[in-house]
K.L.:
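Questions regarding the structure given below will be posed in turn.
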Amino acid sequence: MTDYSKPLPKLNGDNRQFWEGCRAHELRFQQCTACGLVRWPPSFLCPRCHATESTCRIASGLGTVFTYTVYHTAFHPGFASELPYVVAVVALDEGPHVLTNIVGCRPEEVKCDQRVKVVWDEVTETITLPKFAPL
Amino acid sequence: MLESGLCNYVLISYGHSALSSDSMMQMLTDLSGDDAVFGHFGATGGYALAARRAMHTFGTGPETWKQIAMGQRQWADLNPQAVMHGKTMSSEDYDHSRWVVEPLRLLDNCLITDGGRAIVVTSLERARDLKQPPVVILGMGQHDQPAEIGQALTMDGPTGAKKAGEAALAMAGITLNDVDACQLYDCFTYTVEITLQDYGFFGPGEGKDWFQGGTIAPGGRMPVNTSGGQLSEAYFMGLTPLAEAAMQIMGRCGRRQLGPATGTREPRIVLCSDNGGILQSHSCIILGRS
């Protein structure tokens with residue numbers, strides 16, 4: 001897998017919990033202890049109530065397509081062989097919206113509000129990408 | 001700054017060798033951050049996500065965006081400086097234009113241009129002594145919906161244009177009925193639609209009818225982006241629309257001059273917009289005759 005030619009996420013203190021969760025096939029988010037908001041991207045305080053305490057919430061991996069696009073242009077050479085591919089925003093049942101790919105179907109089969117479920121793409125030894133496929 | 005005497009003239013300028021270098025594309029792709037992991041890059045992808053959501057929620061789509069692309073191209077054909085001058089666009093040209101990031105076709109995208117544009121702001125008193133007739137700022141408004149596209153809930157409106165437009169109209173003491181033309185930030189065709197919709201020219205999804213029959217084109221009842229705009233003249237950030245508004249009010253626009261020559265209203269009041277990120281920040285400014 002050392003020949004993986006696409007960009008990889010840049011891990012930092014904020015997002016490490018998320019990407020380490022993906023490696024273990026878990027969608028780990030911060031959940032505000034005070035108001036219960038499950039948030040993404042990671043932040044040191046709650047964007048809704050500004051409380052700083054949070055716990056780790058593992059999402060079910062179920063959600064709906066909020067919006068999507070079909071890429072017909074490779075803006076990075078690593079994606080040239082994938083065209084056309086689908087980039088979507090998925091609204092997870094727990095609340096967070098995540099940018100991801102829809103896989104496991106043809107691009108023309110993707111629709112807004114479609115139910116989807118996480119599938120794990122182990123792209124390197126340490127990085128696993130959460131993608132989504134129709135239920 | 002002008003009123004307090006800190007300065008007498010303010011030059012607002014923009015220049016970029018964006019076409020002959022890769023710096024613009026580099027800047028746009030670098031904005032993607034970890035979204036690049038999923039092959040999501042630049043502005044077209046972000047606006048495509050927004051446009052798709054709008055198709056789903058209020059039923060817009062290529063039929064509406066085609067009217068915007070073709071209307072602005074007609075204006076560009078009256079502007080010898082426009083990159084797309086002399087390159088007419090038919091309905092078939094639009095329909096056959098290649099997808100970049102679906103639902104946006106190549107002809108829904110703005111240009112990347114070498115060049116620049118500038119305006120000078122000064123006091124009305126000083127402006128009266130200058131060569132060109134003064135143009136005054138009647139109203140301004142700014143409002144942001146700053147969420148990144150991945151988390152944005154307002155990509156199908158109301159964007160910042162709603163409150164920014166209301167504030168600018170209130171400051172100017174006018175209504176949309178007083179507006180003679182619009183010069184809008186038009187990075188994509190959809191941006192023009194959602195901006196006019198959020199300003200209140202039509203309700204959600206009603207753009208499909210509103211744009212029909214050349215509403216924004218030469219001879220239309222609400223001319224929009226009369227230089228050709230960023231879609232068909234040149235991309236100079238917010239200065240493409242702003243400079244065109246000032247030039248139109250001054251009467252310096254040659255064959256594309258608003259008024260009887262182009263079958264449009266005299267440009268006494270022109271509404272302009274600027275927009276940043278993926279519909280994340282919005283400025284509205286209304287210019288008029290002094």
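Chain naming here is simple, since letters A, B, ... match the order of the sequence lines and numbering starts at 1 in each. These numbers come from the heavy atoms of this one structure, side chains and all, not from hydrogens, waters or symmetry mates.
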K.L.:
Tell me if the aromatic rings of B:Tyr199 and B:His282 count as close, with their centers under 6.0 Å from one another.
P.N.:
yes
K.L.:
Which answer fits A:Lys10, side chain, backbone, both or neither, if we ask what part of it has an atom under 4.5 Å from a heavy atom of chain B?
P.N.:
both
K.L.:
Please state whether the rings of B:His40 and A:Tyr71 are parallel, tilted or perpendicular, taking 30° and 60° as the class boundaries.
P.N.:
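Because their plane-to-plane angle is over 60°, the rings of B:His40 and A:Tyr71 count as perpendicular.
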K.L.:
Can you confirm whether the side chains of B:Glu233 and B:Thr240 place a donor and an acceptor under 3.5 Å from each other?
P.N.:
no
K.L.:
Side chains of B:Asn109 and B:Thr44: do they bring a donor and an acceptor to under 3.5 Å?
P.N.:
yes
K.L.:
Looking at chain B, which one of A:Leu8, A:Thr69, A:Asn15, A:Val98 has the largest number of heavy-atom pairs inside 4.5 Å, strictly under?
P.N.:
A:Thr69
K.L.:
Of the listed residues (B:Leu104, B:Val101, B:Asp156, B:Thr29), which shares the most heavy-atom pairs with chain A below a 4.5 Å separation?
P.N.:
B:Val101
K.L.:
Quick one about B:Asp198 and B:Thr159 (side-chain donor to acceptor, distance below 3.5 Å, no hydrogens or angles considered), yes or no?
P.N.:
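Result is yes, a qualifying pair exists.
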K.L.:
Which answer fits B:Met25, side chain, backbone, both or neither, if we ask what part of it has an atom under 4.5 Å from a heavy atom of chain A?
P.N.:
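The side chain, not the backbone.
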K.L.:
Select, from A:Tyr85, A:Phe75, A:Phe79, A:Tyr68, the one with the greatest count of heavy-atom pairs under 4.5 Å involving chain B.
P.N.:
A:Tyr68
K.L.:
Is B:Ala51 in contact with chain A via its backbone, its side chain, both, or neither, using a 4.5 Å heavy-atom distance?
P.N.:
neither
K.L.:
Which residue in the set B:His56, B:Met55, B:Arg53 passes side-chain contact (heavy atoms from CB on, under 4.5 Å) when paired with A:Thr67?
P.N.:
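For A:Thr67, the side-chain contact (heavy atoms from CB on, under 4.5 Å) check succeeds only for B:Arg53.
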K.L.:
Heavy-atom pairs under 4.5 Å with chain A are the metric here; pick the option from B:Ala54, B:Ala152, B:Gly39, B:Gly42 that has the most.
P.N.:
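Answer, by heavy-atom pair count under 4.5 Å with chain A: B:Gly39.
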